[in-house]
Chemist: 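My structure is below; once you've seen it, I'll send some questions.
Side chains are part of it too, since the values below use all heavy atoms of this structure and drop only hydrogens, waters and symmetry mates. Letters go in sequence order (proteins before strands), and every chain restarts at 1.
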2 protein chains.
Amino acid sequence: MSMTEERPQRADARRNREAILRAARHIFAKDGSQAQMDDVAKRAKVGVGTVYRHFPTKEALFEALAVDKFDRLARFADEAMEIEDPWDSVVTFLKQAAAMHASDRALSEVFRDHGDFMVGTAQDCGLTDLGDRLVQRAQAAGVLRKDIRGSDLGMICCSLGDLGAVPVWSWERMLDIVLDGLRPDGTQSELSA
Amino acid sequence: MSMTEERPQRADARRNREAILRAARHIFAKDGSQAQMDDVAKRAKVGVGTVYRHFPTKEALFEALAVDKFDRLARFADEAMEIEDPWDSVVTFLKQAAAMHASDRALSEVFRDHGDFMVGTAQDCGLTDLGDRLVQRAQAAGVLRKDIRGSDLGMICCSLGDLGAVPVWSWERMLDIVLDGLRPDGTQSELSA
DNA sequence: GTGGAATCGGAACCTGAGTTCCGATTCCGC
DNA sequence: GCGGAATCGGAACTCAGGTTCCGATTCCAC
């Protein structure tokens, strides 16, 4: 079934592919999905045609990068699980994820504009499961309110995502408020579905 | 200095202007700033040329609507000040503002993409002051943590804004969490700047 | 009712950005 | 080295969507 055979590419092709990915990562992080293919090509020191040979469409390039990002998020979650203190591990993960959002405009846009794609990708790279585990561990230790679900971590990231765009506000401050809302103690309302 | 004299417009012109605004409100709420001028014209049952006579540019039309929205937000804040219970009044305002975001894609985009414009407009229509008053009243009554500023209300709205785009998540749930983070009691961290 | 000024409508124009195409160039097995 | 196949580069094409233009139409003062 697999159409993508591992045919050996020519050396220059492989080199260019890497250059394109590196350039695209930079340009998309800066300009979001509005970034232009010409700019990517220019930064990769390559013609536009070359970009299109490696990625048939702008959307394809964008997705390739997005999958990368989710893998990185999954790695963050993995590392966070290593932290002994369960609360710290949730906080650390959220901080890293949010910082990543803040430095990458494209990531926020994926979260906002491609909800279904995002859910699928998070599932595939194990991020969904890792999120659940992070949450359950903290709840078992009694340091996280019981009515939080793993998917709430994604929701929180998404909501912090676009704060980076407005210089007046800081996602760090917002995250602090949200974190206090996640604690098990204190007067609390009942969360809506 | 004022160039905008109140010259009486012809009846059909005034009628068309209203139709265009009504149509634009609907189309922009649905499609955000990606909305197309042709669609606005079609919905207003008017030619594109007519739209452009009333609003010299797409941007101008967009801004006219945005100012409207901020006036409405200011009215919400005003009404919220009438509520006796200071905590309720903050909650009510946030709920109304967030609901407005959820039903209006363009509003979220203004918050995200035109930060400075937004800050200026909020100032002009009195929303900034009203927010400060809402916050201070609640703090004086001891029902809102002391380290919250009026501008945090805007930040919260902004962060809730784009949750509406992803159907998996609900801004109501997120707002519940945030509200618990705003309460004065319970274990709390120190907010970052 | 009539004249002319204001307004309308929408085809045509223009620009920007994604994509294609093909001659030039580079790589690699012999 | 040589030959040809894979790859490159970037000018040119395409298409979508904002904006303009001007003949047709509508309104209002007289």
Chemist: When we call it a touch if two heavy atoms are under 4.0 Å apart, what does B:A11 touch: a base, just sugar-phosphate, or nothing?
Modeler: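 Sugar-phosphate: the residue B:A11, judged by heavy atoms under 4.0 Å, touches backbone atoms but no base.
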Chemist: Return no unless some side-chain N or O of A:T50 is found under 4.0 Å from OP1 or OP2 of D:dG9.
Modeler: yes
Chemist: Separation of B:Y52 atom OH from D:dT19 atom P, in whole Å?
Modeler: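 These atoms are roughly 4 Å apart.
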Chemist: Could you tell me the separation between the CZ atom of B:R53 and the P atom of C:dG9, rounded to a whole number of Å?
Modeler: 9 Å
Chemist: Identify, between A:V48 and B:V48, the residue whose nearest nucleotide on DNA chain D lies closer to the 5' end.
Modeler: A:V48
Chemist: Measure across B:A23 and B:R43 and return the closest heavy-atom pair with its distance rounded to 0.1 Å.
Modeler: CB-CG, 3.7 Å
Chemist: Would you tell me if any nitrogen or oxygen in the side chain of A:N16 comes within less than 4.0 Å of OP1 or OP2 on D:dC8?
Modeler: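 Yes.
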Chemist: Could you pull out the closest heavy-atom pair between B:V110 and B:A66, with the gap in Å?
Modeler: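 The answer is CG2-CB, 4.1 Å.
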Chemist: Compare all side-chain heavy atoms of B:L21 with those of B:F55 and state whether any distance is below 4.5 angstrom.
Modeler: yes
Chemist: Distance check needed: D:dC27 P versus B:R14 CZ, whole Å only.
Modeler: 13 Å
Chemist: Strictly below 4.0 Å, N to O, side chains only: are B:R15 and B:D12 in salt-bridge contact?
Modeler: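 No, this pair does not count.
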Chemist: Between atom NZ in A:K58 and atom P in D:dC15, what is the gap in whole Å?
Modeler: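 The distance from NZ of A:K58 to P of D:dC15 comes to 18 Å, rounded to the nearest Å.
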Chemist: For the pair made of CZ in A:F62 and P in C:dG18, what is the distance, rounded to whole Å?
Modeler: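 Rounded to the whole Å, the gap is 12 Å.
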Chemist: In whole angstrom, what separates B:R17's CZ from C:dT7's P?
Modeler: 12 Å
Chemist: Round to the nearest Å and state the distance from B:R15 atom CZ to D:dT25 atom C1'.
Modeler: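 One finds 13 Å between C1' of D:dT25 and CZ of B:R15, rounded.
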Chemist: Check this one for me: any side-chain N or O of A:H54 less than 4.0 Å away from OP1 or OP2 of D:dT7?
Modeler: no
Chemist: Is A:A44 touching bases, backbone alone, or none of the nucleic acid, heavy atoms closer than 4.0 Å?
Modeler: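 The residue A:A44 makes no contact with any strand.
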Chemist: So which atom in B:M81 and which in B:L134 form the shortest heavy-atom distance, rounded to 0.1 Å?
Modeler: SD-CD2, 3.6 Å
Chemist: Could you tell me which non-hydrogen atom of B:D132 sits nearest to which non-hydrogen atom of B:G150, and how far apart they are?
Modeler: OD1-CA, 3.3 Å
Chemist: Taking any heavy-atom pair under 4.0 Å as a contact, classify A:D38: base, sugar-phosphate, or nothing.
Modeler: nothing
Chemist: Here's a test of your reading of the structure: between A:Q36 and A:G49, which maps to the more 5' nucleotide of DNA chain C?
Modeler: A:Q36
Chemist: Collect all protein-nucleotide pairs involving nucleotides 2-6 of chain D in which both atoms are nitrogen or oxygen and the distance is under 3.5 Å.
Modeler:
{"from": "D:dA6", "atom 1": "N3", "to": "A:R10", "atom 2": "NH1", "distance (Å)": "2.7"}

Chemist: Measure the shortest side-chain to side-chain distance between A:R53 and A:N16 over non-hydrogen atoms and say whether it is less than 4.5 angstrom.
Modeler: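 With C-beta onward as the side chain, the pair stays apart.
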Chemist: Would you say B:T57 places a side-chain N or O within less than 4.0 Å of OP1 or OP2 belonging to D:dG18?
Modeler: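 Looking at the OP1 and OP2 atoms of D:dG18, neither is under 4.0 Å from any side-chain N or O of B:T57.
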Chemist: Between B:F111 and A:V166, what is the shortest heavy-atom contact and its length?
Modeler: O-CG2, 3.1 Å
Chemist: Map B:A35 and B:D12 onto DNA chain D by nearest heavy atom, then report which one ends up closer to the 5' terminus.
Modeler: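 Nearest-nucleotide comparison on DNA chain D picks B:A35.
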Chemist: Grab the CE-C1' distance between B:M37 and C:dC13 for me, whole Å please.
Modeler: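 For the pair B:M37 CE and C:dC13 C1', the rounded distance is 16 Å.
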